[in-house]
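To start, the structure itself, in structure tokens.
Chain A is the first sequence line, chain B the second, and so forth, proteins listed ahead of strands; every chain is numbered from 1.
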Number of protein chains: 2
Amino acid sequence: MQIDHNILIAYGGVSKRVSKGSFIFMEGDTPRFFFQLVEGEVKMFSTNIEGKEFIQGVFTGGNSFGEPPLLASKCYPSTAQASADSVIVKISKDKFINILQDYPSTALSLLQTFARRLYNKATSTKILIGRTPEEKILGFFNKVRSADCNEKILMPYTRQEIADYTNLRVETVIRALLKMHEEGKVFIKDHKVYC
Amino acid sequence: MQIDHNILIAYGGVSKRVSKGSFIFMEGDTPRFFFQLVEGEVKMFSTNIEGKEFIQGVFTGGNSFGEPPLLASKCYPSTAQASADSVIVKISKDKFINILQDYPSTALSLLQTFARRLYNKATSTKILIGRTPEEKILGFFNKVRSADCNEKILMPYTRQEIADYTNLRVETVIRALLKMHEEGKVFIKDHKVYC
DNA sequence: CGGTTACTTGACTAGCTTCAAGCCTTGTGG
DNA sequence: CCACAAGGCTTGAAGCTAGTCAAGTAACCG
């Protein structure tokens, strides 16, 4: 949970119900509001020239999203889309800044969030610079498993999603997973991947 | 400039002179200090299995670096190396947190910095997901030029550096630049690239 | 059970990487 | 002022492999 819901409402925030598939903002838009999820899920992705999506992040629970371009006064580099029916609180930039100034603890907690996200971005980047598909996929899996636990866990992602995160094609992911299964690097049963 | 130098010293920060090539911290290390450059330049990069470097960022002037893993209590995902003789102030994590609490304006300014960096990471990621070398190189150049100015400027990077930023090989960069020159997308004179 | 979504496989191709060799530019020391 | 060293740049040839297209098959859901 980022900013206390009551504070948001007190400063003039309004809740809004959005259905799955709705766009909150589009790549290139100018940010004007601070957004915070009350419930549901929002997916942020960038699109390259050919229309291939790359998932920049997925937000759930009470998390806020899209604040960096808002604070940095830049256009949105990604599109935000509700990936499930959701409820979102939105509040204008000015009022958001007021909250940050009036409640220093809020600023510190946002700082924590940004620190975590910057760390995640740095590690995601490492996934993308991998040379082979195998390297990228293992990098992604390690990230998902929080990097430490040793036992093999079920990867709750479709091949298409793995492809979106690693910037590979579905077919390449499938072939790489098969090879990794044969080499004992992952385990596949009933189309489910364990790593 | 991130945190006022006097405040850092008042809270117990110490300056240190480091010569070009010295490592400030290595990938995998546990963060214990907040670092801020007084003068010089520091390069942060990640290394993949084969030892190929990817430049995560370059810091100059009075900027701080390496704070995200420090605040998020994670290991450093990258290595920091002085790319020029430099002077660096360092201060323990506890004292850094004290400063953030005692000076809310410092927290807000760090928030701004993080917001800008997150924005940059999102756009750098877009460079990496480009399909062709040309797309990646142009993405990098657009980023360097701050995305707006229209006139062609000299790109102050070696082909190897462009390769490091775009995750391509030197030869690929050279061949792509040549093709882009022939197609009028960049201009090359005396081995210098204008875009 | 029918429709939709996810997954799989094969053949082909474009183009990036690799390796090897040589050239150009710059700076340094005699 | 020249010679040489070193680092950056360039080129060519060959191989590999991820991407693409097309055609299925398997799982899931109402």
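- The pair B:Glu134-B:Arg175 does not meet the salt-bridge criterion, since no charged nitrogen lies less than 4.0 angstrom from a carboxylate oxygen.
- Across the protein-nucleic acid pair, A:Lys179 atom NZ and D:dC16 atom C1' stand 12 Å apart, rounded to whole Å.
- Taking the screw axis at each terminus of the helix from C:dC1-D:dG30 to C:dG30-D:dC1 from five consecutive base pairs, the angle between the two is 40° to within rounding of 10 degrees.
- A heavy atom lying under 4.0 Å from DNA chain C marks the following residues of residues 155-177 of chain B, by number: B:Arg169, B:Glu171, B:Thr172, B:Arg175.
- Inspection of the A:Lys93 and A:Ser73 side chains reveals an N or O donor paired with an N or O acceptor under 3.5 Å.
- At whole-Å resolution of the value, CD in A:Glu135 and P in C:dT17 are 13 Å apart.
- We find that A:Glu171 and A:Arg169 are not joined by a salt bridge, their nearest charged nitrogen and carboxylate oxygen being 4.0 Å or further apart.
- Distance, A:Arg131 CZ to D:dG15 P: 18 Å, rounded to whole Å.
- Between the side chain of A:Thr125 and the backbone N or O of A:Lys121 there is at least one donor-acceptor pair closer than 3.5 Å.
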How does protein contact run along nucleotides 24-30 of chain D, one letter per nucleotide 5' to 3', with B for base contact, S for sugar-phosphate only, - for none, heavy atoms under 4.0 Å? --SS---
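- Contact check on A:Glu161 versus A:Lys43 returns no salt bridge, with no Lys/Arg side-chain nitrogen under 4.0 Å from an Asp/Glu carboxylate oxygen.
- For A:Tyr157 and A:Phe140, the gap between ring centers is short of 6.0 Å.
- With respect to the salt-bridge test (charged N to carboxylate O, under 4.0 angstrom), the residues A:Arg117 and A:Glu67 qualify.
- At least one side-chain heavy atom of B:Glu41 sits under 4.5 Å from a side-chain heavy atom of B:Ser83.
- Between B:Phe35 and B:Phe65, the ring planes are parallel. Angles under 30° get that label, and only those over 60° would be called perpendicular.
- Counting heavy atoms from C-beta on, the side chains of A:Ser78 and A:Phe45 never come closer than 4.5 Å.
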